[in-house]
Peer 1: 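Sharing a structure with you now.
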Amino acid sequence: MAVYRFLLTPRWLGILALTLVAATVMVFLGNWQLDRYRGRTEINERIDAGERMTPAPLHDALTAPTGGAGSTGPAPAEEKVWTRVTVTGRYDPTNTVLVRGRTVDSRVGFEVVTPLVLADGSAVLVDRGWIPPAPGGATARPEVPAAPTGDVTVVGRVHETESGAGAVDRRDGRLETRRISVPRLARELPYPVYGAYVLLDEQTPAADPLFTAVPVGHTNNWQNFGYIVQWWLFAGMTLFGYGWVARREARRAAGLDDTRPVDRAAEPEPSASA
């Protein structure tokens, strides 16, 4: 149509190019959030499935380490994370790890991780649970309940190593850290260690009642879903805005634009009432 020939001018072609680039970027951002939504949804499904499943032997979910002391076995396959497992061994309380700054039920305290040494001499780190700090503040070292002696059977879920590991210090016979980095902790231990740790659900003999089970939080996949809608909506609004501005320009060029301001000076004065 002749009234839309202005769209072929350099100015409007430039506006069209910018509009298409912006809309394309927004669509790609929406697709990226869609991938994150799917990934987080799969994690939540594995967490839920792990709560319901019958515990499997540890070696069904994790490959045994084959190196020497201080080495780490392979990390678990993605589909094995949050698998419920069972394993029997003996706790090594001389290498208990206090993990600082951990929050449960809005309280800051410590998680207690103790190596469980298996019959073949390898070990798996077991997060036995959360305990409050000693009186004096959130960083005051707590009294750690003694680990059971003799054979202990643990049931828990496979938790992959945490990222962002900081320093590991040994104080008064215990290791301390802020993150449960299995490879970093393994370097401080006198045996090979499995490549993930076990988040304790239950054990035989029973765990000390001072421990609070560490909850497994679901990922916020709905936040990603909201971003998907947001970016795709913005892309649609960008294209719609271009079309709306172009149509208004075409109506103005054709003399059909009724949004021009009224010239009040040209209007006749109202007559005085009798």
Peer 1: Just so I know, are the side chains of V81 and E160 near enough to count as touching, which here means a heavy-atom distance under 4.5 Å?
Peer 2: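 Yes, their side chains come closer than 4.5 Å.
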Peer 1: Determine whether more than 12 heavy atoms belonging to other residues, nucleotides or ligands lie under 6.0 Å from atom CD of E78.
Peer 2: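 Not buried by this count: 12 neighbours or fewer within 6.0 Å.
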Peer 1: In this structure, are over 12 heavy atoms from other groups packed under 6.0 Å from E188 atom CD?
Peer 2: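 Counting neighbours around CD of E188, more than 12 heavy atoms of other residues, nucleotides or ligands fall under 6.0 Å, so yes.
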Peer 1: Looking at F211, I'd like to know if its CZ atom is crowded, meaning that more than 12 non-hydrogen atoms belonging to other residues, nucleotides or ligands lie closer than 6.0 Å.
Peer 2: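 More than 12 heavy atoms, drawn from other residues, nucleotides or ligands, come within 6.0 Å of this atom.
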Peer 1: Evaluate the side-chain proximity of Q223 to R40: yes if any heavy-atom separation is below 4.5 Å, no if none is.
Peer 2: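 The answer is yes, as the side chains (C-beta and beyond) meet within the 4.5 Å cut-off.
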Peer 1: Whether R128 engages the ring of Y91 as a cation-pi pair (distance to the six-membered ring centre under 6.0 angstrom, angle to the ring normal within 45°) should be assessed.
Peer 2: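 Yes, a cation-pi geometry holds between R128 and Y91.
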Peer 1: Could you tell me whether the side chain of W82 reaches within less than 4.5 Å of the side chain of V216, counting heavy atoms only?
Peer 2: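 Side-chain contact under 4.5 Å: yes.
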Peer 1: Can you confirm whether L16 sits close enough to W12 that some side-chain heavy atom of one is under 4.5 Å from a side-chain heavy atom of the other?
Peer 2: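 SC-SC contact between L16 and W12 ruled out.
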Peer 1: Under a single-linkage definition using a 4.5 Å side-chain heavy-atom cutoff for Ile, Leu, Val, Met, Phe, Trp and Tyr, are V126 and L58 assigned to the same hydrophobic cluster?
Peer 2: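 Linked within one cluster.
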Peer 1: Do any N or O atoms from the side chain of T19 and from the backbone of L239 form a donor-acceptor pair under 3.5 angstrom?
Peer 2: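 Not confirmed, T19 side chain does not pair with L239 backbone.
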Peer 1: Using modelled atom types and a 3.5 Å cut-off, is there a donor and acceptor pairing between side-chain atoms of T86 and backbone atoms of P55?
Peer 2: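 Side chain of T86 to backbone of P55, a donor-acceptor pair under 3.5 Å: no, none is there.
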Peer 1: Looking at E162, R102, R100, which hits side-chain contact (heavy atoms from CB on, under 4.5 Å) with R178?
Peer 2: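 Looking at E162, R102, R100, the match for R178 under the side-chain contact (heavy atoms from CB on, under 4.5 Å) is R100.
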Peer 1: Taking the basic N atoms (NZ, or NE/NH1/NH2) and the acidic carboxylate oxygens, is any pair closer than 4.0 Å for R84 and E202?
Peer 2: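 The answer is yes: the pair qualifies as a salt bridge.
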Peer 1: Tell me whether R107 at atom CZ has more than 12 heavy atoms from other residues, nucleotides or ligands lying less than 6.0 Å away.
Peer 2: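 No, the 6.0 Å shell around CZ holds no more than 12 heavy atoms from other groups.
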Peer 1: For L233, which residues count as a side-chain contact (heavy atoms from CB on, under 4.5 Å) partner, sequence neighbours excluded?
Peer 2: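 With neighbours one apart ignored, the set is M237.
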Peer 1: Counting N and O atoms only, with roles assigned by atom type, does the side chain of T161 sit under 3.5 Å from a partner on the main chain of V182, one being a donor and the other an acceptor?
Peer 2: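 Here the side-chain-to-backbone pair exists.
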Peer 1: Any side-chain heavy atom of Q33 sitting closer than 4.5 Å to one from W231?
Peer 2: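 A side-chain contact under 4.5 Å exists here.
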Peer 1: Does any part of the side chain of V113, heavy atoms only, come nearer than 4.5 Å to the side chain of V99, both counted from C-beta?
Peer 2: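 In contact.
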Peer 1: Would R36 count as a cation-pi partner of W32, with NZ or CZ less than 6.0 Å from the six-membered ring centre and within 45° of the ring normal?
Peer 2: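 Judged by the rule (NZ or CZ under 6.0 Å from the ring centre, within 45° of its axis), R36 counts as positioned above W32.
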Peer 1: Got T88 and V152 here, is their nearest side-chain heavy-atom distance under 4.5 Å?
Peer 2: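 No, their side chains stay 4.5 Å or more apart.
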